[in-house]
Amino acid sequence: MIRRDFFKAAGLAATSGLVVSLDSGANVFAEGQQDFNTVTFPGKTGKPQPGWGDPQVEHFTSYYPDFADKNLWIRKDNQVIAAYRTNPNQKYPYIYPLAGPISRVSVTSESAQPWPHHRSVFMGADRVNGGNYWQEGSDRGQIFSLALKLVRAEPNVVEFTDRCQWKHPKQEPIIDDVRKYVLTWKNDDYYTLDLGFEMTMLQDVHIEKTNHGFFGVRVEQDLSPQGGGALISSEGASGEKDTFGKPAKWMAFYGKRRFNPAITEGVAVLCPPKEPFENCPWFTRDYGNISPMPFLFQEGGFSWKKGDVLKGVYRVVVFAGTPQDVDLNGLWNDIYA
């Protein structure tokens, strides 16, 4: 029995299809396809219910709740897969959860010791023009979400954009940051999350040598080596000792899920070959953090002039099983080759 059939037999398989539901409550079904009266759960359909509320059919949905600060939620089989969080009181926008394709439990941590400022899937940096856009209080600098927008929703794809601004409370904004996120459900075993960005320098910008930045993923404990999981690279290295500071196409954490050891899941981050940084070394930690970042490995830091543009695309892969069960090199080639 193949792995997917095993999980289906366990009642944990997912199905495809996509519909968008916005806070306006507008009907997005084509005529003849209305299904407001059927409540569904993963793998099964419930009995008809009174015809009110949003459609609850078995597919992707993506929407902004009208009670939140323009957070965007993505669901599958009526379960949360991901949420992009933009509350203005946060240090920066970030994605949490990022759910495993089988367990539907997040493979990333919203906040965890020993560094609770690491929030799931995030982007930022410290020591930027004297400010800090990675940790510490908002008085040191924040990245604000200004224009979150749901762009498209297709049978297996959700795409949204955001315009962000890096600002210290006592200074004018220093960076204008336009992002495009694309979440693609490939099959029941894995999906990808692509983050494309263009950062325009509104002033001369200098990032000092630091180990905090640029794009990072913090995983749940059960996927980290310290929690019983594993860390491996595309080069066959494993663990922090052998991967720290080394270039690689990708890094991946994976492990047996704590609540159900019969399920193994993982998350990989793929490193762009050139933009935004060429042949980037990796910052890795056995407690569960990976980031393809150069700031710690170049004396003197990095500088950009006003008007310069820094751009790139990072790919995250969330998968069932081990890295050997998903073609990470092929997924790297698909986006970077």
Side-chain angles (χ1 to χ4, degrees), residues 1-15 41-44 73-85 94-122 183 185-193 216-233 237-244 250-270 282-291 316-326 328:
M1 178 182 290
I2 65 173
R3 177 162 44 84
R4 185 180 298 129
D5 290 337
F6 169 80
F7 287 125
K8 285 182 178 178
L12 294 169
T15 57
F41 301 92
K44 59 184 178 180
W73 295 80
I74 300 172
R75 295 177 182 264
K76 194 174 193 302
D77 304 332
N78 209 27
Q79 292 181 309
V80 174
I81 295 295
Y84 182 67
R85 299 171 182 266
Y94 63 98
I95 290 177
Y96 177 81
L98 198 64
I102 300 299
S103 69
R104 305 301 171 88
V105 173
S106 186
V107 296
T108 57
S109 173
E110 199 280 335
S111 180
Q113 298 296 339
W115 308 111
H117 57 277
H118 295 170
R119 297 192 180 276
S120 191
V121 181
F122 60 112
L183 191 152
W185 192 270
K186 298 290 189 176
N187 58 49
D188 291 352
D189 286 339
Y190 75 97
Y191 64 91
T192 60
L193 172 69
V217 170
R218 178 67 182 270
V219 301
E220 278 289 1
Q221 281 186 299
D222 51 0
L223 305 186
S224 72
Q226 289 188 359
L231 166 64
I232 68 168
S233 79
S238 62
E240 177 184 330
K241 181 179 178 180
D242 293 330
T243 60
F244 185 87
W250 51 262
M251 291 283 173
F253 286 109
Y254 68 98
K256 295 180 179 180
R257 303 315 308 263
R258 180 184 300 108
F259 60 91
N260 188 346
I263 297 175
T264 297
E265 290 178 324
V267 58
V269 175
L270 280 54
W282 284 81
F283 184 90
T284 62
R285 288 290 188 250
D286 280 342
Y287 60 70
N289 185 39
I290 48 177
S291 176
V316 178
V317 183
V318 183
F319 57 90
T322 71
Q324 289 73 30
D325 295 319
V326 61
L328 293 176

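Annotation: the span from Leu328 atom CG to Ser233 atom OG amounts to 11.0 Å, rounded to 0.5 Å. In this structure, OH in Tyr84 is found 14.0 Å from CG in Leu183, a value given to the nearest 0.5 Å. Rounding to the nearest 0.5 angstrom, the gap separating the CD1 atom in Ile95 from the CG atom in Leu193 is 4.5 Å. Between the OG1 atom of Thr264 and the CG atom of Leu223 there is a distance of 9.5 Å, given to the nearest 0.5 Å. Ser291 contributes atom OG, which lies 7.0 Å from atom CZ of Phe122 (distance to the nearest 0.5 angstrom). Considering OG1 of Thr322 and CD1 of Ile232, their distance stands at 7.0 Å, rounded to 0.5 Å.
Side chain of Asp222 to backbone of Arg258: a donor-acceptor contact under 3.5 angstrom is found. Side-chain atoms of Glu265 come within 3.5 Å of backbone atoms of Ser103 as a donor-acceptor pair (strictly under, hydrogens ignored). Counting only distance, with no hydrogens or angles, the side chain of Glu110 and the backbone of Tyr96 share no donor-acceptor pair below 3.5 Å.
What you find for Trp250 and Pro323 is that their closest heavy atoms are CH2-CB, 4.2 Å. Closest of all the heavy-atom pairs between Arg85 and Pro97 is NH2-CD, 4.0 Å. Nearest approach of Leu98 to Val316, heavy atoms of both residues: CD2-CG1, 4.0 Å.
For the residue pair Ser224 / Gln226, no side-chain donor-acceptor distance below 3.5 Å is found, with atom types taken as modelled.
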Residues Arg257, Val107; criterion side-chain contact (heavy atoms from CB on, under 4.5 Å); working and verdict: CA-CA 9 Å; Arg257 303 315 308 263; Val107 296; 3.7 Å; yes

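Side-chain contact check for Pro101 versus Asp189: every heavy-atom pair is 4.5 Å or farther apart. Within the 4.5 Å cutoff, the side chain of Asp325 has no heavy atoms near those of the Phe319 side chain. Side-chain contact between Tyr287 and Arg218 is present, with heavy atoms from C-beta onward closer than 4.5 Å.
Qualifying side chain to side chain contact (heavy atoms under 4.5 Å, CB included) partners for Thr284, counting only residues two or more places apart in sequence or in other chains: Leu231, Glu240, Thr243, Phe244, Met251, Trp282, Ile290. For Ala99, the side chain to side chain contact (heavy atoms under 4.5 Å, CB included) test picks out Ile81, with sequence neighbours left out. Residues satisfying the ring-ring contact (aromatic ring centres under 6.0 Å, His included) test with Tyr191, not counting sequence neighbours, are Trp185.
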